[in-house]
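See below for the structure under consideration.
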Amino acid sequence: MMAKTKQVYSSISKHEKRNFWIYISPWIIGFLAFTAIPFFSSLALSFMQWDIITPPKWVGFDNYKELMEDKIYFWNALRNTIFYALVGVPLSVTLGLLLSIMLSKEIKGINAFRIIFYLPAVFGGVAVLMLWSYLLYPGTGNGDAGLINAALGWFGIEGPGWSQSEFWSKPAVILVGLWGVGGSMMIWLPALAGVPKELLEAAEIDGASRWRKFWSVSFPLITPAIFFQVTMGIIGSFQIFMEPKIMPGNQKAWTDSLMVNLFDNAFTFYKMGYASAIAWILFIMIMVLTVINLVVSKRWVYYESN
Amino acid sequence: MSQTNSEVISQVQINQKASTRSKLPKIILRSLRYLVLTVIAAALLLPLVWTISASLKPSSEIFSVPIQWIPSEFKWDNYSRVLSIFPMFQYSANTLIITISAIIGQVLSSVCVAYGFARFRHPLANVVFLLVLATMMIPGQVTMIPQFLMFKEFGWINTYLPLIVPNFFAAAINIFLLRQFIMGIPKELDESAKMDGCSSFGILTRIIAPMCKPIIITIMIWTFNANWNDFMGPLIYLNDPDKFTLQLGIYSLNAGQQGITDYGMMFAATLLALIPTLLLFAVGQKYFMSGIKLGGALKG
């Protein structure tokens, strides 16, 4: 095997090897300039104190120690961020999958539905988040209210205070993301379409119920997509920034995420070292979670090659 | 949607089987599906309808309950007022400069790099490709601060360069998608072009790139969306209001308007900002929703 590989490699012409490097050179340069060097600089920075104006000073683990003791900003932001991950990710994965299952059958008019469900995901950015801070305008179904509370009023439900309430300000942030959950169709639909029809038919002939067909046939086959969505969801929710920045709760602390914390320290207070330490804590948490996720996935994610 | 004969036959058999069980549940189930879909679709569209209606109302009517869907008087001047006090066109033009440059950069560099990975052998190719995939795991905030310091050193603050230049160095996800696609293109095409005296660069531009069109369009749309909606980048790098992007402009309009409650105008601005995205979606709807298949994609 080894010998064979060697033989294959030695048969590659110098010319071909050179072409390989030439064509991938844009990536190599970008990797060094925008990923590798910044990556290690950021680690080094996290052990320094630097306000950009005066020269940087090596402070060892001081930034990390300071962070660990910062209950008001860091721990609070960490708690909020974990809330976004713990509540937001399962909700968006489940809802996205449910919607996509409903949209997976080729029935009449399905394309129109797919477009409508996908549309909110297309609208991104500041405008939409601002729009949502108005849609979530507190007030009841009887008085001045945003659309959401007015709509809840139609069903006799008294809407919560959303951004005006400590408890509801975080769910408000998550709710906005759920409006765009249709965007995940582009992962779910191909996964669902990839489930072989023959398997489903065979199960049906064996008298399997709808639920049973999904659970025993489709579900195992779409576990790679579920794994992907959970992983990306966790990574995304740890980096949540725009939502808490643009539609913050009445008190900023209610909704602030780690990313907002990082941004404020870096670009408002110019505490580059301290902010880099936050970045590294975020990075390590994301890495640990991804690895745990990866290890656990071996138990439930099904790949056809196995 | 072309079904083979045997598929049709088995479908018929199943239908017969189901219909012998009972006919009613199927009809009920189907109408239930439409009902649920319609209700959700309506709920998803409601915010948009509400905003359109709000953008045409006098401010006093916007939050009144019960909701008045048709404004008592149509305030079209909400729109003209936005355009007169808010440099909508300038901000859009600024954003467009960044977005178009980013698209050009991503497409050129990604196609080139993906071609390198897909068509040229090298003992280190697999290792380097793994490195490409590994970079997808590094979240942006880790590299953000040193990048900022670097661009500051270059004197690029308050220019579009920090938002444009990195796009010319191929994003990992685009390399990945294009490489998969190129590997599916028969190598014989390359070979015959080579026979005709085509250089590797000629093969890339005349054969490979044109065949990658669907993926390239998808990448263009993703890049458009990411840059058009980008908020943090402009927030970090731009501080001259003349250079603001649309997102930053709307943000500052809102931030500067604390206490002033000209909501009708706000909603008009919000809707105007969404129009370009909506237009692009209408045109490229098929590509917008083009999916990623994960199962086979992970196999080299």
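Just so we're clear, the structure is a prediction, and the values are computed from it rather than from any experiment. Quick note on labels: first sequence line is chain A, next is B, and so on, each numbered from 1. Below, each value reflects all heavy atoms present in this structure, side chains not excepted, and no hydrogens, waters or symmetry copies.
Here the two rings, on A/Tyr134 and B/Phe267, have centers that are under 6.0 Å apart. A ring-centre distance under 6.0 Å is found for B/Phe117 and A/Phe20.
No other option in B/Ile145, B/Ile62, B/Thr277, B/Thr38 has as many heavy-atom pairs under 4.5 Å with chain A as B/Ile145. Counting heavy-atom pairs closer than 4.5 Å to chain A, the top residue among B/Val165, B/Val142, B/Thr270, B/Asp230 is B/Val142. Counting heavy-atom pairs closer than 4.5 Å to chain A, the top residue among B/Ile236, B/Ile67, B/Thr51, B/Ile138 is B/Ile236. Contact count versus chain A (heavy atoms, under 4.5 Å) is highest, among B/Ala114, B/Ala41, B/Ala171, for B/Ala41.
With a 4.5 Å cut-off on non-hydrogen atoms, B/Gln247 touches chain A through its backbone and its side chain both. With a threshold of 4.5 angstrom between heavy atoms, A/Ile101 approaches chain B through N, CA, C or O but not through any side-chain atom. Of the atoms belonging to B/Val36, it is side-chain heavy atoms, and not backbone ones, that fall under 4.5 Å from chain A. Interface remark: B/Ile275 contributes no atoms to any contact with chain A (heavy atom separation under 4.5 Å). With a 4.5 angstrom heavy-atom cutoff, B/Leu204 touches chain A only via side-chain atoms. Contacts of B/Leu149 with chain A are made by side-chain atoms alone, with heavy-atom separations under 4.5 Å and no backbone atom involved. A/Thr290 touches chain B through its side chain: at least one heavy atom from C-beta onward sits under 4.5 Å away, while N, CA, C and O do not. In this structure, the portions of B/Leu46 lying under 4.5 Å from any heavy atom of chain A include both its backbone and its side chain. For a residue to count as touching a neighbouring chain, one of its non-hydrogen atoms must lie under 4.5 Å from one of that chain's; by this rule B/Ser110 does not touch chain A. For A/Phe31, the part lying near chain B is the side chain, with the backbone staying farther off; criterion is any non-hydrogen pair under 4.5 Å. In this structure, no portion of B/Tyr237 lies under 4.5 Å from any heavy atom of chain A. For A/Ile115, the parts sitting under 4.5 Å from any heavy atom of chain B are the backbone and the side chain alike. Contacts of B/Arg30 with chain A are absent, with no heavy-atom separation under 4.5 Å from either backbone or side chain.
For A/Phe267, the ring pair (Phe, Tyr, Trp, His ring centres under 6.0 Å) partners are A/Phe263, B/Phe148, not counting sequence neighbours.
Taking CG of A/Asn19 as the start and OH of B/Tyr115 as the end, the distance is 7.5 Å to the nearest 0.5 Å. Distance check: B/Phe63 CZ to A/Asn149 CG gives 11.0 Å after rounding to the nearest 0.5 Å.
A 6.0 Å sphere centred on CZ of B/Phe201 holds no more than 12 heavy atoms belonging to other residues, nucleotides or ligands. Around the CE atom of B/Met137, the shell of radius 6.0 Å holds no more than 12 heavy atoms that belong to other residues, nucleotides or ligands.
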Can you give each donor-acceptor pair under 3.5 Å made by side-chain atoms of residues 179-193 of chain A, sequence neighbours left out, with the distance rounded to 0.1 Å?
from	atom 1	to	atom 2	distance (Å)
A/Trp179	NE1	B/Leu44	O	3.0
A/Ser184	OG	A/Val181	O	2.8
A/Ser184	OG	A/Trp188	NE1	3.2

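Using a 4.5 Å heavy-atom cutoff, the side chains of B/Arg33 and A/Lys105 are in contact. Using a 4.5 Å cut-off on side-chain heavy atoms (C-beta onward), A/Val122 and B/Leu278 make no contact.
Proximity of a side-chain donor or acceptor of B/Gln141 to a complementary backbone N or O of A/Ala279 within less than 3.5 Å is not detected.
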